[in-house]
Amino acid sequence: MEVDKKSLQTEKTQITDCDLSEQIKAVTKESHSRAENTQLMLAYQRGQVTLPQYKLLLCSLYKIYEALEEELDRNCSHDGVAPIYFPQELARLESLKKDLEHFYGQNWREQLVVPAATLRYAQRLREIGKDHPEYLVAHAYTRYLGDLSGGQVLGRITQKSLGLKSGEGLVFFTFPAVSSPNLFKQLYRSRMNSIELTAEQREGVLQEAIRAFQFNIEVFDELQNLLSISETKELRQRHKTPSTKTPEAKSAQSLRLSPSLASSSQLLRMLLGVCVALAVGMGIYAF
């Protein structure tokens, strides 16, 4: 993509502490640190990802990008959106549709599994698209630059862990219109730093960047709590069930999880893995 080098020659490329991109980096520093140093993040980076994890991740990403890109399209001429509007280079929705169809088939829309926290995130994107379009820059910045950075790492991990053929179910991670991710990120930062904002609007954008990470944390908490409740109920049910087996048989049985509990445990690990994957995609490596 020639827009990278040619545009950079005429764009502002020197970043200062007063620039919006640097301010977002500063206010989200704590969120970055927490996410990067969790055991879950380290586990995912070791390649511990399953196909169910990845499929569930795609479902949530689809709903998030559906809301984000519809609002960016609707506000593409807004002064706070136009400078960072790059649908040809960055749009992810069509890529996600292809990946979902690959794994679920043509009726993939009927099989989407999306937690309420993801829907709340999507709703927030639609709200600010209507009331404060300039806030969209905070979400677009953390999402798209995260995809261009950490998302590439995530793509390689996913491909290797699941044994997927090149490009098979991995379209989300490809940016054919971006020849140099690093150059494009420089261009993107310079464009967003050129957006003129009042002091109140700038503060709103910074708070929205923090909120973007918070939505990710809420997705994690909701999934973890739901599975914890499920496992607790299963354990109580097992203790209430009378046993007529011999002591030896009971001892052997105690070494095994019931199928439903084992399924719950596997699902818990799967959902935790998805939360880690979402954290990577939420822009942890964006800066």
(message) Heavy-atom count check: over 12 atoms from other residues, nucleotides or ligands less than 6.0 Å from E168 CD?
(response) yes
(message) A quick test of your reading: do over 12 heavy atoms of other residues, nucleotides or ligands sit less than 6.0 Å from CG of D73?
(response) yes
(request) Given side-chain contact (heavy atoms from CB on, under 4.5 Å), test M192 with I24 step by step and report yes or no. (result) CA-CA 11 Å; M192 67 178 290; I24 289 179; 3.7 Å; yes
(request) May I ask you to establish whether R92 and F175 are in a cation-pi arrangement, using a distance under 6.0 Å from NZ or CZ to the six-membered ring centre and at most 45° from the ring axis? (result) yes
Shortest non-hydrogen contact from [X] to [Y]?
X: V81; Y: C76; result: CG1-CA, 4.1 Å
X: V113; Y: L56; result: O-CD1, 3.3 Å
X: A91; Y: Y144; result: CA-OH, 4.4 Å
X: A209; Y: A138; result: N-CB, 3.6 Å
X: L170; Y: G155; result: CD2-O, 4.3 Å
X: L162; Y: L51; result: CD2-N, 3.3 Å

Look only at the side chain of [X] and the backbone of [Y], and say whether a donor-acceptor pair between them is shorter than 3.5 Å.
X: Y54; Y: G169; result: yes
X: R126; Y: E71; result: no
X: S190; Y: L187; result: yes
X: N193; Y: D19; result: no
X: N75; Y: G129; result: yes
X: Q201; Y: T198; result: yes
X: T158; Y: L154; result: yes

(message) I'd like to know if E101 and K98 make a salt bridge, using a cut-off of under 4.0 Å between side-chain N and carboxylate O.
(response) no
Check whether any side-chain heavy atom of [X] lies under 4.5 Å from a side-chain heavy atom of [Y], and answer yes or no.
X: C59; Y: L100; result: yes
X: R109; Y: Y62; result: yes
X: P181; Y: S149; result: no
X: I195; Y: D79; result: no
X: E22; Y: K25; result: yes

(request) Report yes or no: do V171 and L57 belong to one cluster of Ile/Leu/Val/Met/Phe/Trp/Tyr joined by side chain heavy-atom distances under 4.5 Å? (result) no
Once the angle between the rings of [X] and [Y] is folded into 0 to 90°, is it parallel (under 30°), tilted (30 to 60°) or perpendicular (over 60°)?
X: F86; Y: F184; result: perpendicular
X: H139; Y: Y121; result: tilted
X: Y135; Y: H132; result: parallel

(request) List the steps, then state whether side-chain contact (heavy atoms from CB on, under 4.5 Å) holds for F103 with W108. (result) CA-CA 8 Å; F103 291 112; W108 59 268; over 6 Å; no
About how many Å separate [atom2] of [Y] and [atom1] of [X], when rounded to the nearest 0.5 Å?
X: F215; Y: R124; atom1: CZ; atom2: CZ; result: 6.5 Å
X: L125; Y: E69; atom1: CG; atom2: CD; result: 10.5 Å
X: L20; Y: R191; atom1: CG; atom2: CZ; result: 15.0 Å
X: L72; Y: I84; atom1: CG; atom2: CD1; result: 5.5 Å
X: L90; Y: D147; atom1: CG; atom2: CG; result: 8.5 Å
X: S180; Y: K185; atom1: OG; atom2: NZ; result: 9.0 Å

(request) Check step by step if side-chain contact (heavy atoms from CB on, under 4.5 Å) holds for F173 and R156. (result) CA-CA 9 Å; F173 301 109; R156 290 192 291 271; over 6 Å; no
(request) Apply the test side-chain contact (heavy atoms from CB on, under 4.5 Å) to residues L145 and R189: give CA-CA distance (whole Å), side-chain angles for both, the deciding distance (0.1 Å), then the verdict. (result) CA-CA 9 Å; L145 268 66; R189 291 189 186 97; 4.2 Å; yes
(message) Checking E134 against R202 for the salt bridge (Lys or Arg N to Asp or Glu O under 4.0 Å) test, could you report, in this order, the C-alpha distance in whole Å, the side-chain angles of both residues, the deciding distance, and whether it holds?
(response) CA-CA 9 Å; E134 67 276 7; R202 181 174 289 260; over 6 Å; no
